[in-house]
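Working notes, structure below.
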Amino acid sequence: MTEMTYRQALHDTLRSELQRDENVMLMGEEIGIFDGSYKITAGLLKEFGERRVRDTPIEELGFTGAAIGAAMLGLRPVVEIMTINFSLLALDQIVNHAAKIHGMFGGQMSVPMVIRTPGGGGQQLGASHSQNIELYYAFVPGLKVVAPSTPAEAKALLMASIRDDDPVLFLENLALYNTKGEVPDGLEPAVIGKAKVTREGKDLTLIGYSRMALVAQQVADRLAESEGLDIEVIDLRSLRPLDRDTVVESVKKTNAAVVLEDDWLTYGIGAEIAATISDGAFDYLDAPVRRVAMAEVPMPYAKPLETAALPSVDDVINAVHETLDAVGRRR
Amino acid sequence: MTEMTYRQALHDTLRSELQRDENVMLMGEEIGIFDGSYKITAGLLKEFGERRVRDTPIEELGFTGAAIGAAMLGLRPVVEIMTINFSLLALDQIVNHAAKIHGMFGGQMSVPMVIRTPGGGGQQLGASHSQNIELYYAFVPGLKVVAPSTPAEAKALLMASIRDDDPVLFLENLALYNTKGEVPDGLEPAVIGKAKVTREGKDLTLIGYSRMALVAQQVADRLAESEGLDIEVIDLRSLRPLDRDTVVESVKKTNAAVVLEDDWLTYGIGAEIAATISDGAFDYLDAPVRRVAMAEVPMPYAKPLETAALPSVDDVINAVHETLDAVGRRR
Amino acid sequence: MAAPAKTTRSASTRTAGKAGSRSPRRPKIDDAERARLTAYYKQMLLIRRFEERAQRAYTEALIGGYCHLNLGEEAAVAGLLGELNPGDYLFTNYREHGYALARGIDPRKVMAELYGRVDGVSKGWGGSMHMFDVTHRMLGGYGIVGGQLPIATGAALALQYQSRPDIVMCTMGDGTVATGAFHESLNLAGLWDLPIVYVIINNGLGMGTDVAHSSAEPDLYKRGAAYRIESARVNGLDPEEAAAGAKRAVEVARGGRPYLLEVMTERLRGHSVVDPAKYRSPEDVAALKLNDPVQTFAAKLKDAGVLDDDAVAEFDREAIAIVDDAAAFAADSPTPETSTLFDYTYATPVPNDSRRYPGEALFPALPVAAGAAGRNA
Amino acid sequence: MAAPAKTTRSASTRTAGKAGSRSPRRPKIDDAERARLTAYYKQMLLIRRFEERAQRAYTEALIGGYCHLNLGEEAAVAGLLGELNPGDYLFTNYREHGYALARGIDPRKVMAELYGRVDGVSKGWGGSMHMFDVTHRMLGGYGIVGGQLPIATGAALALQYQSRPDIVMCTMGDGTVATGAFHESLNLAGLWDLPIVYVIINNGLGMGTDVAHSSAEPDLYKRGAAYRIESARVNGLDPEEAAAGAKRAVEVARGGRPYLLEVMTERLRGHSVVDPAKYRSPEDVAALKLNDPVQTFAAKLKDAGVLDDDAVAEFDREAIAIVDDAAAFAADSPTPETSTLFDYTYATPVPNDSRRYPGEALFPALPVAAGAAGRNA
Ligand SMILES: Cc1ncc(C[n+]2csc(CCOP(=O)(O)OP(=O)(O)O)c2C)c(N)n1
Ligand SMILES: Cc1ncc(C[n+]2csc(CCOP(=O)(O)OP(=O)(O)O)c2C)c(N)n1
Ligand SMILES: [Mg+2]
Ligand SMILES: [Mg+2]
């Protein structure tokens with residue numbers, strides 16, 4: 001066990017994967033000489049050289065597409081897209097190409113690449129730099145999408161993603177980079193496609209991923225302490241494939257659920273989670289599934305507006321209370 | 001009243017809007033000399049000249065972005081993106097710019113532009129040309145997204161979209177272009193943001209948009225005739241804003257719902273509709289909301305595979321039956 | 001709106017009258033040369049007959065989707081691909097049946113792909129626009145205009161990374177030069193010294209939009225300079241001229257630098273099989289006939305004494321026989337089973353992957369009694 | 001991996017030793033000329049002091065988000081914008097505080113925007129990267145690299161469409177030349193004869209990546225040729241040289257053709273306020289000091305007898321007073337009310353628009369009794 005930051009876990013994993021497999025290489029803007037915009041790749045250019053760690057020009061479409069071609073010929077490129085907002089420029093290559101090449105050509109070749117990119121919000125970066133659009137990837141068959149919330153998950157899922165033969169969108173989060181956690185020594189790669197119950201409980205299920213899985217933990221801990229509530233928490237970990245069974249089984253036990261997400265509510269990731277629960281646990285639900293999500297606006301710069309637009313711990317607590325009230329009315 | 005095709009309704013509306021307002025202009029690939037890939041703009045270059053009807057090079061990002069700037073300075077560009085699959089290349093301009101400019105700059109300028117683009121599937125065009133990704137637009141605050149299903153709706157919504165001061169994604173459908181319907185003379189622009197109950201009933205609500213709103217009608221008619229079922233049909237018409245109340249009110253009456261969509265199920269448009277119903281009509285639902293959607297695969301070319309991947313009338317009928325069975329078990 | 005100096009519509013005039021002009025009678029032609037020229041001709045003829053057959057099959061509804069033909073580009077295809085080694089990689093766009101044939105893929109498999117059958121090169125998953133054969137190193141067939149460029153560029157990066165002697169050839173149309181993907185790809189290739197030949201097949205048209213309406217610099221090969229990439233324009237109506245251009249390009253790429261080659265061709269028919277091409281003037285159409293590369297090359301070889309009328313007729317019968325056989329094979333090949341629908345979503349299997357047909361429920365109903373276990377029931 | 005011939009890191013050597021070299025003493029300088037030169041200096045000084053103040057306010061946590069400064073680009077900004085008419089339109093990237101000032105926007109409003117206050121140019125919605133003032137025809141401030149290019153191009157299209165005499169100026173960084181947006185925009189402008197000046201502010205770096213690692217053709221202005229767009233490179237460490245370049249560019253644009261101008265500048269500090277720029281060598285940093293445009297221009301004007309030390313000191317006091325006043329104003333300006341959160345999603349109001357705060361339910365609970373109306377309750 002070692003305590004380290006989420007950033008450190010990512011860094012260490014990239015480094016050990018570069019050491020492990022000669023075909024692993026990194027590409028992206030400012031990952032080399034600048035040490036990475038968020039310093040995940042610090043020092044790797046120096047250690048592995050320009051061949052393995054490649055600074056690219058500012059052309060998300062071009063270098064992401066190049067990673068696809070390189071992957072087809074046997075490399076295992078790990079692309080960094082500086083923030084998920086910029087990934088829109090590469091979307092044609094990711095959705096129309098990376099996700100399709102295995103199927104469209106009858107399974108002749110695979111595209112073993114990883115796209116690492118942070119989502120975020122809450123950094124006062126304004127409307128075009130504060131979006132959480134993992135939905136755009138989670139929606140697409142042919143892609144796998146993972147979203148770790150802790151350093152240990154970051155490590156286990158990044159190892160798995162790099163060794164997987166399919167294109168993986170690896171979602172990071174600006175607000176998580178400095179968070180700390182224990183990472184077991186000799187950690188094995190995770191199994192992609194599985195959610196995890198990170199706290200057992202019987203009163204209500206909180207479901208989140210990435211930053212919001214941590215917020216769910218905080219809320220559960222706080223309400224356990226202050227009100228003696230026994231809340232179950234699920235970290236989705238994988239957005240595609242989506243592990244519906246773990247979610248539904250939990251709600252069959254707790255009979256109530258609140259879904260947490262950092263993206264916009266309407267059509268957001270939470271819509272699928274809520275729809276899934278309402279369907280799979282139809283006979284078990286004692287109250288409507290509540291969703292706590294971002295306000296549906298282009299994110300303003302001014303701090304009070306930004307804060308008002310983002311879901312907070314208090315918002316989640318309020319949603320839990322209102323949901324349990326509704327359950328109470330029914331029980 | 002005149003009977004005409006969906007294609008004709010679009011064509012006539014573009015023509016009359018070009019006549020009505022000197023600031024309206026059309027841009028897109030092959031809309032002029034080629035008469036439009038799907039012939040919506042046939043003859044308009046000849047009639048209005050290169051200034052008003054502009055063939056563009058193959059650069060979705062560039063010309064869509066150019067339409068934004070032109071709109072900011074007072075034009076009302078109507079952009080045609082040949083199919084929605086290619087719009088991925090323009091997504092940065094649409095999502096990071098068109099949708100943001102009004103808000104990000106404190107409401108100083110608006111972006112009165114329309115992006116017309118057809119979705120589809122079922123034409124054996126293969127994985128990268130058969131996607132229904134309206135979700136990518138419906139998800140984004142700052143955009144409006146409309147999806148007409150009939151010639152009359154096409155006309156009323158296109159007029160409204162062109163005259164609206166915000167960027168509107170106007171979703172067409174390859175399979176609808178040749179469908180016919182009555183268009184009232186002197187039709188007024190529609191109100192964007194409202195769904196419509198297109199058939200009243202009490203046994204179950206079918207919800208669809210674009211092509212699937214028509215399929216819903218067909219199924220309702222067929223089941224009325226064959227089984228005497230009384231099905232209510234809702235055409236969403238607008239995906240953003242989403243008219244939740246119309247949907248929920250209907251299900252409060254019918255107590256059962258099936259959602260139809262041409263996109264992939266997980267995270268698709270239908271997820272939000274199902275989540276909305278399960279929440280807003282929680283106490284009224286007698287069975288889980290069923291979704292009928294595309295199989296989650298890169299669309300294959302071979303006809304039998306494509307057919308198997310696409311939702312059919314029979315699939316919807318099956319879903320209605322299974323849902324009513326579930327209702328029966330509960331009533 | 002003044003367009004830049006319009007390039008004229010016919011490939012021959014666009015290349016300063018080179019195309020279609022007969023070369024002076026060659027004094028001596030040795031056997032090797034004779035074989036080489038004959039091979040070009042047979043290759044071109046096979047493509048011609050294959051495409052005509054595809055057109056027919058399309059109108060007979062045996063082929064679906066979009067179907068873009070190489071009619072008019074036979075010499076370019078034959079000339080270009082002749083310069084590649086088996087170890088090299090080819091990336092193309094959706095107008096690629098001829099490339100598949102010239103790369104050596106069995107015409108039966110190409111036709112079966114058009115028919116959407118299991119014996120197709122892409123097992124029926126790709127169709128006309130998506131020919132792919134890993135053993136022949138033809139890595140697509142892409143329907144998104146410009147989509148193949150970054151991918152091909154990345155393939156070249158892998159070759160460099162692995163210190164392999166092979167190169168990449170990546171073809172595109174004239175309309176593709178406008179895409180951001182073109183710019184971003186050539187910038188990477190120029191910057192990183194990648195072993196890749198970009199080929200612009202300039203048939204003068206996007207769908208109906210001519211180069212003068214799509215490119216601010218209508219001399220497309222000149223765009224290479226913006227990336228310090230060597231470039232040239234050649235006549236693609238003659239296989240030898242196309243080959244000469246490709247030879248230099250391949251040489252540069254094998255030396256570790258990218259190259260941009262513009263090949264002037266004609267598109268004899270519409271953009272795709274369903275396009276009547278009404279936007280073309282009668283003069284344009286008339287000029288096209290004179291520039292038919294198959295006819296022109298046959299005449300040239302006859303002039304040179306390489307072929308006679310009998311040989312031409314014989315080769316034609318051979319080509320037609322191959323194509324007939326391919327069509328028969330394709331018609332006999334089975335369509336894919338619907339049970340295989342979920343076989344190619346992922347290369348690495350993954351739990352919770354959806355394998356749901358549209359009619360199936362997410363959570364299939366429990367046997368009737370079971371529902372009663374729930375609280376609300 | 002051999003990079004193309006590396007351009008050296010300092011703007012002065014990159015423009016053949018022009019920058020920083022003092023012009024020979026001018027024999028006579030008339031009053032108008034004196035006023036013009038003084039105005040440049042005051043403008044540059046205002047930008048310098050403003051940016052230093054912004055940097056301070058950022059470290060004091062009065063400014064949030066990213067904050068990119070024009071330090072080192074003052075001469076370029078002053079020289080370029082001096083050539084625009086009030087009717088012209090300006091589009092920039094996120095490094096644009098100086099442009100806002102030089103365009104004539106009240107420094108108080110610029111600073112208030114940085115502070116996220118209601119009196120900011122963008123009412124506190126934009127922040128450092130998104131300055132926008134419709135009355136001064138500065139139409140953003142865009143944070144997506146290259147995002148402003150297609151939009152600016154479209155603005156020029158509107159000007160042409162409406163037969164207006166105004167032009168568009170669109171600035172960008174050297175790193176932006178690699179984007180597809182650059183290529184697609186310049187192609188449209190060249191093709192359609194749009195009245196637009198594209199300006200590359202070449203400060204030698206993206207964030208830490210130099211031009212030799214981002215552009216296959218490091219002489220960026222040469223890229224204009226790929227679109228038949230006239231282009232030139234000028235020294236941007238001297239406002240007069242920048243102005244001379246802009247003069248020609250604006251003239252061409254007003255004549256109805258686009259222009260590409262490359263302006264060689266320096267970035268005196270890190271990419272943004274938080275970047276310590278450790279990737280720069282000590283030699284580079286030393287060279288920077290010699291190329292400080294404000295210092296250099298002050299020395300030049302003193303040499304020429306336009307300014308003396310007193311004037312320089314006086315102007316500095318003035319600039320600092322303006323900036324202090326702006327900061328005081330910004331600090332006093334209120335932050336936006338959270339009740340305004342939903343005010344700018346749409347320009348045309350629309351039914352069913354979401355105005356939901358994150359803590360609110362989609363369907364707020366009915367009063368307790370009402371739930372009983374439902375079937376399942
Ligand atoms: C990104 C994208 N935009 C538009 C299209 C529609 N489209 C298909 S082919 C074509 C014209 C391409 O012209 P060119 O590059 O010259 O190739 P050619 O068909 O002449 O071989 C267009 C616009 C597409 N497939 N992809
Ligand atoms: C599309 C996109 N990719 C990446 C970034 C992150 N980024 C912000 S500034 C920058 C460097 C830009 O360099 P340049 O164009 O030279 O402008 P400068 O900052 O030097 O003024 C990068 C990569 C971004 N904002 N947008
Ligand atoms: Mg072409
Ligand atoms: Mg720069």
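What's counted below: heavy atoms across the whole structure, side chains too, no hydrogens, waters or symmetry copies. In what follows, chains carry the letters A, B, and so on, assigned in the order in which the sequence lines appear, proteins first and then strands, with residues in each chain numbered from 1.
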Would you indicate whether the side-chain heavy atoms of [Y] and [X] approach each other to under 4.5 Å?
X         : Y         : result
Phe105(A) : Lys123(C) : no
Ile151(C) : Ile101(A) : yes
Asp166(A) : Thr345(C) : no
Trp192(C) : Arg54(A)  : yes

Work out which heavy atom in [X] is nearest to a heavy atom in [Y]; give both atom names and the distance.
X         : Y         : result
Asn352(C) : Leu242(A) : CB-O, 3.5 Å
Pro57(A)  : Asn187(C) : CG-ND2, 3.8 Å
Asp133(C) : Gln108(A) : CA-OE1, 3.4 Å
Glu184(C) : Glu60(A)  : OE1-N, 4.2 Å
Thr348(C) : Asp165(A) : OG1-N, 2.9 Å
Arg51(A)  : Tyr161(C) : NH2-O, 2.9 Å

Heavy-atom contact with chain A under 4.5 Å, split by part of Val168(C):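 Contact with chain A involves no heavy atom of Val168(C) at all.
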Contact origin within Ala181(C) toward chain A - heavy atom pairs under 4.5 Å: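 Its backbone and side chain both get close to chain A.
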Heavy-atom donor-acceptor pair, Gln93(A) side chain to Pro150(C) backbone, under 3.5 Å: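 Side chain of Gln93(A) to backbone of Pro150(C): no pair is present.
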Can you tell which of [options] has the highest number of heavy-atom pairs within less than 4.5 Å of chain A?
options                                    : value
Ser122(C), Ala152(C), Ala361(C), Gly120(C) : Ser122(C)
Tyr344(C), Trp125(C), Phe91(C)             : Tyr344(C)
Ala347(C), Ala158(C), Gly141(C)            : Ala347(C)
Ala155(C), Gly180(C), Gly143(C), Gly126(C) : Ala155(C)

Sort out for me which of [options] touches chain C most, counting heavy-atom pairs under 4.5 Å.
options                                  : answer
Ile58(A), Asp243(A), Thr64(A)            : Asp243(A)
Arg244(A), Arg52(A), Met25(A), Lys144(A) : Lys144(A)
Thr56(A), Val111(A), Asp164(A), Asn23(A) : Asp164(A)

Audit row: His97(A), Tyr142(C), ring-ring contact (aromatic ring centres under 6.0 Å, His included) steps and yes/no: CA-CA 9 Å; His97(A) 296 90; Tyr142(C) 293 85; 5.8 Å; yes
Residue part contacting chain C, namely of Thr276(A), when any heavy atom lies under 4.5 Å: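 Contact with chain C: backbone and side chain both.
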